[in-house]
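What follows is a set of notes on a single structure, which appears directly below.
Lettering of chains follows the sequences in order, A, B, ..., and the numbering in each one begins at 1.
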Protein chains: 2
Amino acid sequence: MGSEDLRRRRTNVRANVRAAPGPCAHWNDEDADFIREVLDLVGDKWSVLIIGTLADGPVRYSNLRDAIPGISQRMLTLTLKHLQRTGLVTRTSYPEVPPRVEYALTDLGRSLLSTVLALAAWSADHHAEIRRHQTEYDNATT
Amino acid sequence: MGSEDLRRRRTNVRANVRAAPGPCAHWNDEDADFIREVLDLVGDKWSVLIIGTLADGPVRYSNLRDAIPGISQRMLTLTLKHLQRTGLVTRTSYPEVPPRVEYALTDLGRSLLSTVLALAAWSADHHAEIRRHQTEYDNATT
DNA sequence: CCGGATCCAGAACGATACTG
DNA sequence: CAGTATCGTTCTGGATCCGG
């Protein structure tokens, strides 16, 4: 693993003693760290897809792989580990033959799901407007 | 192609092949694309910080740079362009000497701010629990 | 004062092959 | 079935220098 070792992903960048003015009125510097941790967690390519797929109940590894088009086994495993480490999903392996492993959302994961759904709703509501701005911007700069 | 596909999907009950599985019960594949666009936009290292800093009103470039500790000029410029392209912020340059440029949130940007605040609240509420899970996971795997 | 341009290290991601 | 190992590519972000 080495460079992708999970526990070293967020090497702490503390020792920030507020030399600068508060960046924002809605959160302080410490809160900013928290939200960035969550965005690092959820802002990657697959996390929200996996969380959404687990919304209805436990799902097996291969079902996840099939349900999420385009994901590689590597990223599925990696992201699941990541989500498991932060306590959003649980992994349960049943000692059978053939092996069976189920992943499920924890209560914490479900609570995040609801706020992610708000973001999804915003995306659906405004994607047309976003597209309009984008093409407008692109035309203005060419 | 339509009716043939439909027939095939119906007869796939025997095989364990979910022909075109929606990945999630809460959004379809197209919605998944939208939310990923928004996450790509907002999930980077600086976007939310900038949005938060602009929450109270227009801010000049150099004030942004000072208010956001650790950001490089390159990333500030880049991220601002990105946000401007999607219509979340506006850029207004005043033809003065010395030059002055102000950035401000659009209505779209403010609407996103409110949903981002929900995520920030979730982060603040659960960061302790997350930390606990992380150390627990790390201890279990060593 | 407000950037643009360039270079570069490291991280994220994907493809493929292999294993208990 | 459910992963791990390894390699290669692409992308991100920081440092630095330059320009209007």
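- Near DNA chain C, defined here as any heavy-atom distance below 4.0 Å, the residues from residues 86-102 of chain A are A/Pro99, listed numerically.
- Side chain of B/Ser62, nearest nucleotide from D/dA2, C/dC2, C/dG4: C/dC2.
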Please report, to 0.1 Å, the donor-acceptor pairs under 3.5 Å made by any side chain of residues 118-125 of chain B, with sequence neighbours excluded.
residue: B/Trp122; atom: NE1; partner: A/Ser111; partner atom: OG; Å: 2.9
residue: B/Trp122; atom: NE1; partner: B/His126; partner atom: ND1; Å: 3.3
residue: B/Ser123; atom: OG; partner: B/Leu119; partner atom: O; Å: 2.8

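- For the helix from C/dC1-D/dG20 to C/dG20-D/dC1, the end axes, each set by the C1' atoms of five terminal pairs, are bent relative to each other by 40° (nearest 10°).
- Residue A/Leu76 contributes atom CG, which lies 11 Å from atom P of C/dG14 at whole-angstrom precision.
- Here B/Lys81 does not reach the OP1 or OP2 of C/dG3: none of its side-chain N or O atoms lies under 4.0 Å away.
- Atom pair B/Asn63:CG and C/dC1:C1' shows a separation of 11 Å (rounding to whole Å applied).
- A/Arg131 meets the salt bridge (charged side-chain N to carboxylate O under 4.0 Å, His left out) test with B/Glu37; sequence neighbours excluded.
- For A/Ser93, the side-chain contact (heavy atoms from CB on, under 4.5 Å) criterion is met by A/Arg91, A/Val101, not counting sequence neighbours.
- Here B/Thr106 pairs with B/Thr90, B/Leu108 under the side-chain contact (heavy atoms from CB on, under 4.5 Å) rule; sequence neighbours left out.
- With sequence neighbours excluded, the residues that form a side-chain contact (heavy atoms from CB on, under 4.5 Å) with B/Arg85 are A/Gln134, A/Tyr137, A/Asp138.
- Under 4.0 angstrom from either OP1 or OP2 of D/dT4 there lies no side-chain N or O belonging to A/Tyr61.
- Under the rule for a side-chain contact (heavy atoms from CB on, under 4.5 Å), the partners of A/Ser72 that lie at least two apart in sequence or sit in another chain are A/Arg74, A/Met75.
- Between B/His127 and A/Phe34, the two ring planes are parallel [angle under 30°; tilted spans 30° to 60°].
- Listed by chain and number, the residues in a salt bridge (charged side-chain N to carboxylate O under 4.0 Å, His left out) with B/Arg132 are B/Glu136 (sequence neighbours excluded).
- Residues that satisfy the salt bridge (charged side-chain N to carboxylate O under 4.0 Å, His left out) test with B/Glu129, not counting sequence neighbours, are absent from this structure.
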Using a 4.0 Å heavy-atom cut-off, write out nucleotides 8-19 of chain D from 5' to 3' as B (base contacted by protein), S (sugar-phosphate only) or - (no contact). -----BBB----
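- Residue pairs meeting the salt bridge (Lys or Arg N to Asp or Glu O under 4.0 Å) criterion with at least one partner in residues 103-116 of chain B, sequence neighbours excluded, are B/Asp107-B/Arg110.
- A close approach under 4.0 Å does occur between a side-chain nitrogen or oxygen of A/Arg60 and OP1 or OP2 of D/dA2.
- Separating the CG atom of A/Leu80 from the P atom of C/dC13 is a distance of 14 Å, rounded to the nearest angstrom.
- Checked options B/Leu113, B/Leu105, B/Leu83, B/Leu54; the residue passing with B/Leu88 is B/Leu83 (criterion: side chain to side chain contact (heavy atoms under 4.5 Å, CB included)).
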